[in-house]
Student: 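Structure incoming, see below.
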Amino acid sequence: YQRRVHGIDNDANPSDKIVTGSTLGTIRIYFPRQKGYKADDLLLEQVLDAPILQLALGKFLPNSSNLALAVLHPRKLIVYSAVRTGGGADGSADPLARQITLKKKNEHNLKKKALKMRIETFGGGKKKGKKKKKKKKKSTLR
């Protein structure tokens with residue numbers, strides 16, 4: 001599974017990253033800066049304890065406006081925050097200053113096996129578009 005995300009590390013100057021997850025449970029975050037792959041494009045490689053079915057980025061943490069990464073496994077959903085370990089910016093010359101770690105924030109065990117997840121806003125979300133008015137039917141007398 002692969003997803004292009006913007007600002008996963010909640011940096012002041014967000015940039016696009018690529019997050020991949022495999023059915024073997026390996027999650028990787030890349031920051032490609034030019035054509036062709038270089039070893040320091042890899043910001044994170046971590047093996048999780050279960051296959052990864054889906055990834056999503058959003059505001060999943062209560063009382064926080066930061067983005068978090070939701071990882072769906074067959075029997076659980078885990079929410080992580082991505083944190084820079086070196087404190088450097090994306091443009092830093094030192095590859096270690098750009099490294100990211102995942103910190104587990106929430107874990108939800110599922111009663112049944114999951115296949116996929118759907119992300120929507122709840123409570124206070126606004127629908128886009130105009131509501132259609134129902135046409136009144138004319139009554140006919142016979």
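The shown structure was predicted, so the numbers you read here are calculated from the model rather than taken from an experiment. Heavy-atom basis, side chains included; hydrogens, waters and symmetry copies ignored.
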Student: Apply side chain to side chain donor-acceptor pair (under 3.5 Å) to Arg75 and list each qualifying residue two or more places apart in sequence or on a separate chain.
Tutor: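 For Arg75 there are no side chain to side chain donor-acceptor pair (under 3.5 Å) partners, ignoring immediate neighbours.
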Student: Should Ile52 and Thr23 count as side-chain neighbours, where that means a heavy-atom distance under 4.5 Å?
Tutor: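 Counting from C-beta outward, Ile52 and Thr23 never come under 4.5 Å.
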Student: About how many Å separate OG of Ser81 and NZ of Lys105, when rounded to the nearest 0.5 Å?
Tutor: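 If we round to the nearest 0.5 Å, Lys105:NZ and Ser81:OG are 4.0 Å apart.
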Student: Going by salt bridge (Lys or Arg N to Asp or Glu O under 4.0 Å), name the pairs with one or both residues in residues 57-67, residues two or more places apart or in two chains.
Tutor: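 Every pair satisfying salt bridge (Lys or Arg N to Asp or Glu O under 4.0 Å) with a residue in residues 57-67: there are none.
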Student: Would you list the atom pairs, donor with acceptor, under 3.5 Å between side chains in residues 64-74 and any protein atom, with sequence neighbours excluded?
Tutor:
from  : atom 1 : to    : atom 2 : distance (Å)
Ser64 : OG     : Asn66 : N      : 3.1
His73 : ND1    : Ala50 : O      : 3.3
His73 : ND1    : Pro51 : O      : 2.9

Student: Can you confirm whether Lys113 sits close enough to Leu53 that some side-chain heavy atom of one is under 4.5 Å from a side-chain heavy atom of the other?
Tutor: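 No, side chains not in contact.
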Student: If the condition is side chain to side chain donor-acceptor pair (under 3.5 Å), which residues does Asn109 pass it with, not counting sequence neighbours?
Tutor: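 Result, side chain to side chain donor-acceptor pair (under 3.5 Å) vs Asn109: none returned.
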Student: Val19 and side chain to side chain contact (heavy atoms under 4.5 Å, CB included): which partner among Leu43, Leu44, Leu55, Leu57?
Tutor: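 By the side chain to side chain contact (heavy atoms under 4.5 Å, CB included) criterion, Val19 pairs with just one of Leu43, Leu44, Leu55, Leu57: Leu55.
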Student: Working to the nearest 0.5 Å, report the span between OH of Tyr30 and CG of Leu42.
Tutor: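 Between Tyr30 OH and Leu42 CG, I get 5.5 Å after rounding to 0.5 Å.
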Student: Does some side-chain heavy atom of Thr26 sit less than 4.5 Å from a side-chain heavy atom of Gln46?
Tutor: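 Not in contact.
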Student: Leu61 and Val83: same hydrophobic cluster, using ILVMFWY side-chain contacts below 4.5 Å?
Tutor: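 No, Leu61 and Val83 fall in different hydrophobic clusters.
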Student: For Glu45, check side chain to side chain donor-acceptor pair (under 3.5 Å) against everything at least two apart and list the hits.
Tutor: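 Counting only residues at least two positions away or on another chain, Glu45 forms a side chain to side chain donor-acceptor pair (under 3.5 Å) with Arg28.
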Student: Would you call Ile29 and Ile18 a side-chain contact if the rule is heavy atoms closer than 4.5 Å?
Tutor: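 A side-chain contact is absent here, since even the closest heavy-atom pair is not under 4.5 Å.
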Student: Between Tyr80 and Leu48, is any pair of side-chain heavy atoms under 4.5 Å apart?
Tutor: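 Yes, close enough: below the 4.5 Å cut-off.
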Student: Are Lys76 and Asp49 close enough, and set up right, to give a side chain to side chain contact (heavy atoms under 4.5 Å, CB included), and what steps lead you there?
Tutor: CA-CA 11 Å; Lys76 59 186 158 184; Asp49 61 350; 2.9 Å; yes
Student: Could you work out, with side chain to side chain contact (heavy atoms under 4.5 Å, CB included) as the rule, every residue matching Ile119, not counting sequence neighbours?
Tutor: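 Expected list: Ala56, Phe60, Met117.
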Student: Just jot down the salt bridge (charged side-chain N to carboxylate O under 4.0 Å, His left out) partners of Lys104, sequence neighbours excluded, or say none.
Tutor: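 In terms of salt bridge (charged side-chain N to carboxylate O under 4.0 Å, His left out), with neighbours along the sequence ignored, Lys104 is linked to Glu107.
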Student: Minimum heavy-atom separation for Pro62 to Asn106, with atom names?
Tutor: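 In this case the closest contact between Pro62 and Asn106 is CD-ND2, 4.3 Å.
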